[in-house]
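Everything numeric here is computed off the predicted structure, so don't read it as measured data.
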Amino acid sequence: MSRSGPSGDELLRVLSTLANPHRLRVLAELAREDDYVSRLARRLGISRPLLQVHLRKLEAAGLVTARTELSDDGKALRYYEVNPFAIELTPQAVEAAVRTLTVPGDETKGSG
């Protein structure tokens with residue numbers, strides 16, 4: 001996201017990602033401390049496959065980052081952490097974001 005605020009596409013991606021209660025809970029847990037998938041799934045009381053779906057969406061939206069670390073017994077653990085972000089959602093911010101929004105079909109306007 002740029003200093004002037006997110007583009008329309010970035011804003012939609014972040015807001016739609018955050019519109020899920022599981023993903024909000026994941027972010028809240030990771031804001032407390034970085035964690036690996038298995039332990040995070042236990043803390044949240046959800047299955048690892050479901051958690052991984054939500055983590056992929058959070059990662060695609062740029063809200064979390066993953067890294068792999070080796071445990072003492074040699075197992076690869078996938079740790080996730082929250083990326084710092086701040087979104088000021090005002091009517092003016094929405095208006096600015098809309099000006100950069102990619103609308104399906106717009107690329108063909110005026111070419112006919």
Side-chain angles (χ1 to χ4, degrees):
M1 288 181 251
S2 70
R3 286 205 181 276
S4 63
S7 71
D9 295 338
E10 290 169 333
L11 184 60
L12 278 178
R13 186 171 43 253
V14 168
L15 291 178
S16 65
T17 299
L18 293 176
N20 180 288
H22 288 300
R23 290 193 282 272
L24 284 178
R25 290 179 58 225
V26 170
L27 268 183
E29 286 295 320
L30 292 174
R32 287 187 206 118
E33 74 175 303
D34 301 355
D35 211 345
Y36 61 93
V37 174
S38 294
R39 187 168 58 192
L40 184 57
R42 286 191 301 273
R43 285 172 45 195
L44 292 166
I46 62 176
S47 70
R48 285 180 54 213
L50 178 60
L51 174 59
Q52 289 172 330
V53 166
H54 292 301
L55 286 167
R56 279 194 295 274
K57 290 182 186 246
L58 288 164
E59 196 170 18
L63 298 171
V64 302
T65 302
R67 70 182 185 281
T68 302
E69 293 184 11
L70 289 179
S71 67
D72 293 337
D73 62 356
K75 287 184 183 176
L77 301 174
R78 189 101 166 132
Y79 274 84
Y80 284 85
E81 64 185 329
V82 174
N83 293 328
F85 67 92
I87 297 173
E88 184 178 13
L89 196 56
T90 64
Q92 295 77 18
V94 170
E95 189 273 330
V98 164
R99 283 186 263 135
T100 65
L101 193 60
T102 302
V103 179
D106 268 2
E107 61 276 358
T108 61
K109 282 186 178 179
S111 64

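- With sequence neighbours excluded, the residues forming a side chain to side chain contact (heavy atoms under 4.5 Å, CB included) with Val98 are Val94, listed by chain and number.
- Atoms CD and CZ, from Glu69 and Arg78 in turn, are 11.5 Å apart once rounded to the nearest 0.5 Å.
- Not a single donor-acceptor pair under 3.5 Å links the side chain of Thr65 to the backbone N or O of Glu81.
- Within the 4.5 Å cutoff, the side chain of Thr100 has no heavy atoms near those of the Leu11 side chain.
- Residues passing the side chain to side chain contact (heavy atoms under 4.5 Å, CB included) test with Asp72, sequence neighbours excluded: none.
- Among residues two or more places apart in sequence or in another chain, the side chain to side chain contact (heavy atoms under 4.5 Å, CB included) test is passed with Arg48 by Val37, Ser38, Ala41, Gln52.
- When every heavy atom of Glu10 is checked against every heavy atom of Ser7, the shortest pair comes out as OE1-N, 2.8 Å.
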Would you sort out whether Ser71 and Asp73 count as a side chain to side chain donor-acceptor pair (under 3.5 Å), showing the intermediate values? CA-CA 5 Å; Ser71 67; Asp73 62 356; 2.2 Å; yes
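- Membership of the apolar cluster around Leu77 extends to Tyr36, Tyr79, as traced through chained side-chain contacts below 4.5 Å between ILVMFWY residues.
- By the rule that hydrophobic residues join a cluster once side-chain heavy atoms approach within less than 4.5 Å of another member, Leu30 and Val53 end up as members of separate clusters.
- With Val82 as the fixed residue, the side-chain contact (heavy atoms from CB on, under 4.5 Å) test singles out one of Leu58, Val26, Leu27: Leu27.
- Contacts classified as salt bridge (Lys or Arg N to Asp or Glu O under 4.0 Å) and involving residues 53-62 (residues at least two apart or in different chains) are not found.
- The environment of CD in Glu88 is sparse: at most 12 heavy-atom neighbours from other residues, nucleotides or ligands sit within 6.0 Å.
- The distance from atom CZ of Arg42 to atom CG of Asp35, rounded to the nearest 0.5 Å, is 8.5 Å.
- Between Ala61 and Thr17 the shortest heavy-atom distance is CB-OG1, 3.4 Å.
- One distance of note links CG of Leu55 with CG of Leu63; it measures 11.0 Å at 0.5 Å rounding.
- Residue pairs meeting the side-chain hydrogen bond (donor to acceptor under 3.5 Å, both in side chains) criterion with at least one partner in residues 23-32, sequence neighbours excluded, are Arg23-His54, Glu29-Arg32, Glu29-Arg43.
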